[in-house]
Amino acid sequence: CSKILYSIADFVLEFDIRQDSVVECKGSLSKFLGYTPKNYCEAVTVLSELCSDDCKNIFKDTFCMDNIYKAAKKGKKRISLECMMKTGKKNYSRVQFYAVPNLENGEMVSIYCVALILKHESESTVNDNDETNHNHALKQYSAIVREEEKANLIDFEKRFVPVINSKTG
């Protein structure tokens, strides 16, 4: 399941809360933003500014570190939001974000973030085959997740971290 998510993700980031740092596991925010944010809070602020006007505050609120921590304390394994985000000079795309908090002894130690660009709304240069393959993989992943969630088997953190480690060395 996590291998499929990793393969279709456009960005996978690990934010080390204790070290106040970020590791780009897949994709580069510097290509997307022009630079790499130094930590989680800066990334949320900068990314929220790329959201459409109706999504900016929702994005900030959803991914605010306090809200991520509260959700994790309640047992939530991942927090997600789909929004319209500027992905080019003038182009907006549908983007789905996931935050996967990692708690140790009740303390947040890291947050894994995954971004999937679902649909390039305004770009006519998107390769139809790439879009079709991306959407097919996303549908496969969604079906697997739905089945695992129904059976209460998903443990996103335990599956996701080894995949990231195997890809980044």
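When a residue number appears, it is its place in the shown sequence, counting from 1. These figures come from a predicted structure and were not determined experimentally.
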Specify the closest pair of heavy atoms between S30 and S28, including all atoms of both residues, with the distance to one decimal. OG-OG, 2.6 Å

Please determine, by modelled atom types, if Q96 and Y98 share a side-chain donor-acceptor pair under 3.5 angstrom. yes

For R18, is there any backbone N or O sitting under 3.5 Å from a side-chain donor or acceptor partner on D16? yes

Trace of the side chain to side chain contact (heavy atoms under 4.5 Å, CB included) decision for M108 with I68: CA-CA 9 Å; M108 181 125 56; I68 296 290; 4.0 Å; yes

Here the pair of heavy atoms bringing Y35 nearest to V46 is OH-CG2, 3.0 Å

So how far is it from L116 CG to D10 CG, rounded to the nearest 0.5 Å? 6.0 Å

Go through the structure and list residues passing salt bridge (charged side-chain N to carboxylate O under 4.0 Å, His left out) with E82, not counting sequence neighbours. R94

With a 4.5 Å cut-off on side-chain heavy atoms, are C83 and T62 touching? no

Test: side chain to side chain donor-acceptor pair (under 3.5 Å). Region: residues 64-74. Which pairs qualify, not counting sequence neighbours? D61-N67

For the atom pair OG1 (T36) and CD (E24), what is the distance rounded to the nearest 0.5 Å? 4.0 Å

Is there a chain of hydrophobic side chains (I, L, V, M, F, W, Y, each step under 4.5 Å between heavy atoms) that links F63 to V109? no

List, one per line, each side-chain donor-acceptor pair under 3.5 Å for residues 48-55, sequence neighbours excluded.
| residue | atom | partner | partner atom | Å |
| --- | --- | --- | --- | --- |
| S48 | OG | V44 | O | 3.3 |
| S48 | OG | T45 | O | 2.7 |
| S52 | OG | D54 | OD1 | 2.6 |

Distance check, rounded to the nearest 0.5 Å: I111 atom CD1 versus R78 atom CZ? 16.0 Å

Answer whether the closest heavy-atom distance between the side chains of L47 and M85 falls below 4.5 Å. yes

When you look at I17 and M65, which way does the side chain to side chain contact (heavy atoms under 4.5 Å, CB included) test go after all the steps? CA-CA 10 Å; I17 304 306; M65 194 175 318; 4.0 Å; yes

Find the distance between OG (S110) and CD (E104) and round it off to the nearest 0.5 Å. 7.5 Å

Here the gap from Y40 atom OH to C64 atom SG, rounded to the nearest 0.5 Å, amounts to 8.0 Å

Taking every non-hydrogen atom, the tightest pair across Y92 and K86: CD2-N, 3.5 Å

Please check if the distance between the ring centroids of F15 and Y112 is under 6.0 Å. no

Taking atom CE of M84 and atom OG of S93, what is their separation to the nearest 0.5 Å? 6.5 Å

Between I79 and P101, the two heavy atoms sitting closest are CD1-CD, 4.0 Å

